[in-house]
Amino acid sequence: MSTSSPLLTEILATAVEAAHLGGKVLQDWVGRFSVSEKSRANLVTEADYASQELIHQTIVSRFSDHGFLGEEGLCHESETSDYRWVIDPLDGTSNYVHGFPYYAVSIGVEKSGELVAGVIFDPNRDETFAATIGDGATLNEQPISTSGETDLAATMAMASLPVGGDEHDPAIERFLKSLKHLQTVQRSGSAALNLACVACGRIDAFWSTSLKPWDVAAGVLIVREAGGAITNLEGGRIDIMTPDILATSSRKIGQELTDILN
Ligand code: IPD
Ligand code: CA
Ligand code: CA
């Protein structure tokens, strides 16, 4: 049974509705968007902006006093509300541009800086990952949990690497170092979906040192509520405003990876 307050229940319902609307916008733009570069290999399309616009309108029509932080230039600090919505209208833009069906809408909600609700919607698989604080995590409304994997040698992980990093980039060195310890290490192009996959046990670990708050806000809460361990790369408390994250199926894998990656 849900322990969420009526307000938090309404916030989650709104986040789900907004994520679905954003996802529909993304699919409607397939085949007709043009692509620009914000910086080298950092892509953006009309779909990113259109998705953010509709998500924002949907939320603000119900919560006009809340704060907002969205990837595509959305930044509104509220003077009257403790709530802030952290939005990635399209996580995995490179995949989207190339027609590789691994991208998502991600919406996290903070109250006084604490994550209280999160939704990740994958429009290709029609999968909605959701969580509210203290209430567990769900995939299409069914409870989910991490794999619980505790054996590093059996672990399948994903790592996000910085765009355009050279071979001496510490993130690349870390990636190479991890290969001999883990069963499989992949790079997929959507941090939000990677976190969703940790939460439902499809993979056992995900790390990155180059993320933004909108990439992880929803996923951090969803992994936590699914029973996973979330820290920064040094094993300390995570702050979504800083770029590093380590999400694992169990604390044991988290601690062992912390030793390997540092
Ligand atoms: C990107 C994805 C990718 C990560 C990049 C992000 P975007 O988000 O999450 O997995 O490696 O650092 O920027 O740009 O597609 O929203
Ligand atoms: Ca992103
Ligand atoms: Ca994005």
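This chain uses plain numbering: 1 for the first residue, then up along the sequence. One-based numbering, in listed order, for ligands and for the atoms of each.
- Below 30°, between 30° and 60°, or above 60°: for F68 and H56 the angle between ring planes is above 60°, a perpendicular geometry.
- In this structure, the side chain of D48 engages the main chain of T45 through a donor-acceptor pair within 3.5 Å.
- Atom CD of E37 is surrounded by more than 12 heavy atoms from other residues, nucleotides or ligands within 6.0 Å.
- The aromatic rings of Y83 and H66 sit parallel to each other, their planes meeting at less than 30°, with 60° as the upper class boundary.
- Looking only at distances, a side-chain donor or acceptor of Q52 sits under 3.5 Å from a matching main-chain atom of E72.
- When atom types are taken as modelled, the side chain of D91 and the backbone of A191 share a donor-acceptor pair closer than 3.5 angstrom.
- Electrostatic pairing of E173 and K177 does not count as a salt bridge here, judged by no charged N lying under 4.0 Å from a carboxylate O.
- For ligand 1, the 4.0 Å heavy-atom shell takes in E71, D88, L90, D91, G92, T93, S160, G189, S190, A191, S210, L211, D215, ordered by chain and residue number.
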Audit row: Y103, D88, side-chain hydrogen bond (donor to acceptor under 3.5 Å, both in side chains) steps and yes/no = CA-CA 11 Å; Y103 52 85; D88 194 336; over 6 Å; no
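- The main-chain N or O of L139 is never found under 3.5 Å from a side-chain atom of E127 such that the two would form a donor-acceptor pair.
- Protein nitrogen, oxygen and sulfur atoms, that is N, O or S, within less than 3.0 Å of the Ca ion (ligand 2) amount to 3.
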